[in-house]
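Below: one structure, written as structure tokens.
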Amino acid sequence: MAADHAGAASSPGARALTAIGIAIALGFAGALASLVPAVAGGAAPSVAVPWLPALGVALAFRVDGLSLLFALLISGIGALVLLYAHRYLRGHPHAARLQLFLTLFMLSMLGLVLADDAVVLFVFWELTTVTSYLLIGFDSESAKSRRAALQAMLVTGSGGLALLVGLLILGGVTGTLRISEWIAAGSVAGQVAYTAVFALVVLAAFTKSAQFPFHFWLPGAMAAPTPVSAYLHSATMVKAGVYLLMRMHPVLGGTELWFWTLTVAGSATALWASIVALRQTDLKLALAYSTVTALGFLVLFVGAEIGIAITAAVTFLIVHAFYKSALFLVVGIVDHATGTREAQRLGGLARTMPTTAAAAGLAALSMAGFPPLLGFIGKELKYEAALAIVSQPLVLATLLVVANALTFAVAAVVAFRPFWRGEPETPRMPHEAPRRMRAGPLLLAAAGFAFGVYPELVGRYLVEPAVAAIRATPMEVDLKLWHGVNVPLAMSVATALLGLAIYAAHERVRAVLARAVSALPLTGERAFDASLDALRSFAAFQTRILQGGSLRRYLFATWLVLPAAVGSVLVLRGGLAWPASPSPVPVYAWPIVLLVAAGSIAPIVTTSRLASIAALGLVGAGVSLLYLLFGAPDVAMTQLLVETLTVVIVAVVLLRLPRFSGRDHPGSAGRARDAALAIAAGTTVSALLLAVLASPLDPSLSDWFAANALPAGFGRNVVNVVIVDFRALDTLGEITVVTVAACAAYALLKLRPGASSEQEGA
Amino acid sequence: MRGLLIAPVVIPLATAVLLLVLRPSRRVEHALSALGCVALLGAALMLLVRVAGGGVAAMQLGDWAAPFGVSFVADRLGAAMVTVTAVIGLAVSVFAMAEIDDRRRRFGFAGFVQILLGGVCGAFLTGDVFNLYVWYEVMLIASFALLTLGGERIQIDGAVKYVALNMISTLLFLSGCGLLYGLTGTLNMADLHAKLPAVANQGLVTAVAVVFAIGFGIKAALFPLFFWLPASYHTPPVAVSALFAGLLTKVGVYSLIRFFTLIFTGDAAFTGALLAAAAAFTMVTGVLGAAAQNEMRRILGFHIVSQIGYMVMGLAIATPLALAGAVFYTLHHIVVKANLFLVSGVVRRLSGSGDLARTGGLYAQAPLLAALFLVPAFSLAGFPPLSGFWAKLFLVKAALEAQAPWIVAVLIGVGLLTVYSMTKIWAEVFWKAPPEPRAALPPLRGGERALLFGPIVGLAAITVAIGLWPAPLFDYADAAARELADPRDYVAAVLGSRP
Amino acid sequence: MEVLLAILIGVMFGASVYLMLSRNWVRYLFGFIVISNAVNLLLFAVGRVELGRPALVPPGLAAPDGPVANSLPQALILTAIVIGFGLLAFALVLASRAWAELGTVDVDAMRVAEPREDAAREGRDA
């Protein structure tokens with residue numbers, strides 16, 4: 001997929017979309033950059049348009065220090081990535097789509113960080129999930145890509161849904177959906193709903209930002225094209241969770257729960273991921289895991305209250321965005337140019353691609369934390385913060401040093417060794433990258449260097465407002481390269497030494513790790529796969545039980561609800577009743593009733609078709625007699641007519657069909673079951689009817705009909721007048737039914753599949 | 001105004017008569033059918049405007065005063081349902097012009113469709129329970145006709161299951177009508193609202209309510225009464241599936257809403273709990289059933305079941321926001337579901353089959369179709385900024401406000417599984433490469449393309465529009481919910497000044 | 001009389017349900033025929049039957065003199081009978097076609113729409 005389509009030209013669609021995308025990105029970046037001085041001065045420009053006023057939802061956006069920082073990173077790096085991707089995928093049939101999705105993603109991310117309304121935040125959060133699904137699955141014909149995309153979608157999607165519920169609860173508790181109002185109101189730690197909201201928001205953040213144990217989707221997402229990984233999985237989307245935590249810091253932070261959850265999760269993630277990162281031989285995977293490490297660090301420091309921790313988090317955010325995207329883009333260049341990403345086969349590339357090597361080198365130095373790069377400042381701040389946030393910092397400090405040392409080693413493996421050590425054994429002859437692909441990494445790496453040497457700009461205009469926004473109080477930030485000889489510096493030295501040692505022995509370490517990790521009984525990935533499999537099995541099982549294909553079962557289940565639900569209601573809600581003074585039964589009614597009953601039961605016991613027809617006729621005739629007896633001659637006539645027709649049609653149809661087999665209800669257990677249900681159903685209906693008959697009937701309608709049939713309806717037969725005049729619409733419907741039935745039956749008889757045309761009627 | 005209320009029934013029936021009697025040539029028939037649908041849509045929109053502006057509208061058939069004669073009533077809910085029906089009718093009729101083969105057409109396809117539309121509109125507008133039964137039967141027999149038209153083996157099979165289970169619905173509904181009459185002496189819904197609370201045996205009233213719930217539940221495909229739907233919806237031509245999917249079950253949902261807000265309001269806590277339980281089971285079993293299927297229409301059929309659960313859950317929670325959510329959800333879902341079925345029809349046309357094992361490669365081959373699939377699919381899954389997102393939001397919010405976290409959990413969980421299901425279709429039909437070199441299917445001709453894609457684009461546009469501008473529809477649904485929760489306007493419109 | 005009718009209707013209902021649970025589609029339809037009659041009788045019964053005179057207006061009068069049978073349920077039954085007949089006729093033709101096309105009227109053997117191997121295949125999802 002990273003093949004160099006050297007001969008192919010880019011499609012006009014791809015060109016146009018790239019141009020549009022870069023224009024949008026630069027437009028945003030420019031507009032936002034112009035707001036930097038104002039925001040640094042404490043302003044927070046915002047706009048709000050009502051969207052669903054009935055629920056208090058508005059399209060509200062606000063630019064404060066935190067959102068400005070994120071937005072600048074998103075739009076700036078976005079422009080570079082779009083440029084890079086255009087060249088990277090030149091000639092690919094779907095190149096235009098990639099640019100479209102990347103631009104849509106960028107807009108979604110921008111919307112997310114600039115949102116000031118909870119629903120709007122969620123909307124853009126989900127939009128990033130959707131666009132990233134489309135981006136990860138870009139190589140759609142590869143099952144691996146599809147699977148990775150699905151995994152990412154489901155993991156981040158469930159987090160997203162949790163976020164929705166959490167935000168709605170918070171909105172209900174505070175009475176508003178405006179985030180800035182939440183921040184102004186301060187912490188909700190005292191509320192009953194706090195724990196629920198916290199859990200839901202943290203779940204959303206942890207799934208999005210790949211914290212352990214939800215991290216497994218991120219390495220899988222490396223199936224995406226490298227520009228996508230560079231953008232989403234290093235600089236933007238995965239930081240969305242961190243953004244959320246930072247944004248909610250004034251509202252949900254400051255409690256023990258917040259501190260310990262984030263600190264523990266963050267440090268565990270960082271340590272674990274840095275170990276696993278070293279194990280990887282695919283450069284992209286190594287970078288992916290080191291991104292997880294970085295995210296762990298960020299979460300760790302957002303967990304704390306004190307200013308230095310937040311400052312460390314924000315600074316490291318910027319540091320990481322620069323070096324990680326640069327490195328991803330470099331890896332993409334290497335892949336594009338040499339045809340492989342395997343660390344063991346790469347080496348000595350600096351000779352053939354010097355500019356790329358320079359970018360890689362700078363980025364690696366930032367990642368390893370060497371002065372005078374911004375990465376060094378970031379690391380120092382991390383150590384300083386670690387020493388300050390807990391009273392006994394030994395464990396945390398050690399953990400950080402180890403994780404950073406491992407990161408150091410990974411940086412060396414990814415960016416030092418392939419360029420300045422060894423010889424290439426690559427499928428293709430390495431060559432320098434085209435300009436458009438070099439631009440991104442160079443700029444980003446250089447930024448890491450420039451801001452390291454002159455950190456005051458970044459500190460005063462970007463970090464300080466962001467920290468102020470996160471903590472909801474202003475704070476002064478002073479980024480300097482040299483703070484004098486102190487504990488953090490010593491820790492940095494220790495990190496470097498340890499890192500060098502690990503790098504020197506990294507082959508052996510890798511082997512040990514490979515054995516250890518595969519021995520792990522349960523990983524997040526396996527849990528995920530296991531749950532999906534369990535889901536599928538359960539779904540199949542349920543379908544076999546419920547929708548197995550047997551109509552009898554469906555009928556049984558359907559009929560069962562009648563006695564079960566209605567019966568229990570009658571009994572439990574006291575609906576049973578018996579008519580108080582039932583009218584007397586005339587003598588001649590008895591035989592009719594008995595005949596009807598017998599006729600109803602006869603088809604059950606006989607297998608003779610003739611006898612069944614006769615029994616049905618008996619039922620019909622008997623019912624007709626009952627109608628006649630009790631003053632319904634029209635009904636009786638109609639009943640007889642229809643009964644005759646029915647019997648005729650039944651006989652005609654039965655003639656074509658086979659005899660009855662007598663094995664209609666499978667087994668004696670089946671017969672007993674069906675009989676029990678039948679008896680229950682019949683009893684329920686009788687009970688219902690009896691209860692209804694026990695209450696008085698309001699005769700006003702019938703009296704009115706009788707009184708008005710002649711004067712208003714001009715007919716002496718009241719029933720006829722009702723049918724034809726008072727309730728004529730019913731009759732219209734009835735006629736329609738019969739007509740359609742006839743047409744449908746005709747079509748059913750005449751229109752056969754594959755029948756020749758002469759068989760069809762006029 | 002009187003004509004306006006009966007027009008949505010008269011227009012399609014008249015069109016059907018013309019079509020069935022005249023037996024015109026293909027072009028004339030298409031023109032007539034389209035004309036009928038457009039006329040229906042026009043009447044529906046006029047009714048909608050009238051109701052939105054002027055409140056509940058009612059008329060008496062034959063000028064026989066209520067409750068003696070049959071009433072036709074349009075409140076906001078009814079008017080909206082009729083309008084959406086007209087939209088779907090038009091969309092499906094246009095699609096069918098390209099899909100339905102000539103033999104089916106000659107045996108009355110278009111006429112049956114019109115009668116189905118007439119029956120559905122009648123059900124939405126009638127104010128009399130027995131008249132509702134009659135329109136149900138009109139709908140039912142028309143659906144029998146459409147389901148079996150063509151006589152293919154799979155159609156016969158599906159029809160047997162469909163007929164068997166839906167006839168039970170008929171019988172229970174009819175029995176319920178009788179029992180209601182026996183208790184109150186009237187069949188007029190507004191009159192029942194007045195008279196039913198006066199019945200001494202309220203336990204019996206609840207029992208009768210449950211009888212109706214079962215009858216409507218079969219029609220609406222609630223658990224455990226939905227088996228007929230996944231057994232039959234994938235058997236007829238796609239245009240028929242789309243029509244059914246959009247309309248038939250929603251008539252059941254509408255009837256449940258109407259009956260349980262207007263007529264059976266006595267034992268609300270009990271009936272609410274019963275409906276909530278049924279809805280929850282429906283949602284879960286539906287989506288799990290979908291997860292186990294491997295053919296596109298069968299997956300979508302199970303999703304109908306699952307989504308019905310959402311709508312009934314809104315009814316069960318019964319707060320104003322929940323009812324508004326249920327109304328909003330119903331309207332949104334009709335559009336989305338019909339659209340998904342239409343898309344599956346084009347997929348079938350392009351891939352030769354709806355079986356996921358035999359589809360693939362449409363992402364590259366038909367990008368427009370891919371995009372048009374994403375719109376209703378993601379709307380169904382609840383992704384913003386599409387209509388389904390708002391629909392789910394309202395229900396979740398309503399459940400939170402009603403202090404029912406278990407309902408929230410079910411709503412969210414089923415939503416996630418719906419995402420899984422939709423992405424499965426996406427991955428199998430569009431992303432994945434086709435399994436083996438496909439037999440060359442004739443490409444879509446220009447005219448055919450327009451007829452197939454036009455309705456899909458139109459319905460997708462509606463979905464996107466609702467997603468981006470939810471306020472108008474939500475305000476309407478909210479007003480409809482208030483009308484439902486307080487039926488005094490309805491009763492006054494039908495019965496005059498009688499309280 | 002009401003009690004007797006109610007019990008009769010219950011018996012007819014029960015017999016019908018049993019018939020409708022049969023494997024043979026035709027016997028299902030037999031059950032449908034009986035249960036249609038039962039429901040019609042139910043409609044009749046709720047109108048409160050009494051040894052009634054038919055609801056006719058005698059010549060020379062403007063309205064019936066004295067109590068007559070309840071006209072509304074009769075109208076409902078008439079509609080229901082005809083509708084039921086329409087449905088039944090269609091269903092019978094369906095039976096004939098099922099025998100011709102599917103070779104069976106055993107509903108459990110009709111597995112074209114929901115094939116049996118689905119149950120095995122669904123376990124192995126794509």
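Just so it is clear, the model here is predicted, and its values are computed rather than measured. Numbered from 1 within each chain, the chains take letters A, B, ... in sequence-line order.
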Side chain from CB out, backbone as N, CA, C, O: work out which of these in [X] comes under 4.5 Å of a heavy atom of chain A, or both, or neither.
X: Ala213(B); answer: neither
X: Ala200(B); answer: neither
X: Leu400(B); answer: side chain
X: Val138(B); answer: both
X: Thr285(B); answer: both
X: Leu468(B); answer: backbone
X: Phe130(B); answer: both
X: Leu172(B); answer: side chain
X: Leu416(B); answer: both
X: Tyr181(B); answer: both
X: Asn131(B); answer: both
X: Leu13(B); answer: side chain

Any side-chain donor-acceptor pair under 3.5 Å between [X] and [Y]?
X: Ser71(B); Y: Asn188(B); value: yes
X: Asp725(A); Y: Trp64(B); value: yes
X: Asp128(B); Y: Thr126(B); value: no
X: Ser143(B); Y: Tyr162(B); value: yes

What part of [X] lies closer than 4.5 angstrom to a heavy atom of chain B: side chain, backbone, both or neither?
X: Ala196(A); result: neither
X: Ala728(A); result: neither
X: Leu560(A); result: neither
X: Phe538(A); result: side chain
X: Leu150(A); result: side chain
X: Leu164(A); result: side chain
X: Pro696(A); result: backbone
X: Phe541(A); result: neither
X: Leu748(A); result: side chain
X: Arg97(A); result: side chain
X: Trp125(A); result: neither

Let's test your reading of the structure: which of [options] forms the most heavy-atom pairs below 4.5 Å with chain B?
options: Val569(A), Leu134(A), Val692(A); result: Val692(A)
options: Met153(A), His94(A), Arg727(A); result: Arg727(A)
options: Leu168(A), Leu572(A), Thr684(A), Leu535(A); result: Leu168(A)
options: Ser568(A), Gly160(A), Ala712(A), Gly172(A); result: Ala712(A)

request  = State whether Glu401(B) and Lys397(B) are salt-bridged, where the test is any N-O pair (Lys NZ or Arg NE/NH1/NH2 against Asp/Glu carboxylate O) under 4.0 Å.
outcome  =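 Yes, this pair counts.
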task = Look at Arg153(B) together with Asp157(B) and state whether they make a salt bridge at an N to O cut-off of under 4.0 Å.
result =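 No.
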Return all side-chain donor-acceptor pairs below 3.5 angstrom for residues 732-739 of chain A, not counting sequence neighbours, or 'none' if the list is empty.
unit_1    : atom_1 : unit_2    : atom_2 : d
Glu734(A) : OE1    : Thr79(C)  : OG1    : 3.4
Thr736(A) : OG1    : Leu732(A) : O      : 2.7
Thr739(A) : OG1    : Ile735(A) : O      : 2.7

request  = May I have the step-by-step check of side chain to side chain contact (heavy atoms under 4.5 Å, CB included) for Asp698(A) and Thr186(B), ending in yes or no?
outcome  = CA-CA 8 Å; Asp698(A) 181 340; Thr186(B) 180; over 6 Å; no
key: For Ser169(B) against Gly215(B), the heavy-atom pair lying closest together   =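 Residues Ser169(B) and Gly215(B), closest heavy atoms: OG-O, 2.9 Å.
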key: Worked check of salt bridge (charged side-chain N to carboxylate O under 4.0 Å, His left out) between Glu428(B) and Arg146(A)   = CA-CA 10 Å; Glu428(B) 293 293 315; Arg146(A) 291 198 301 270; 5.3 Å; no
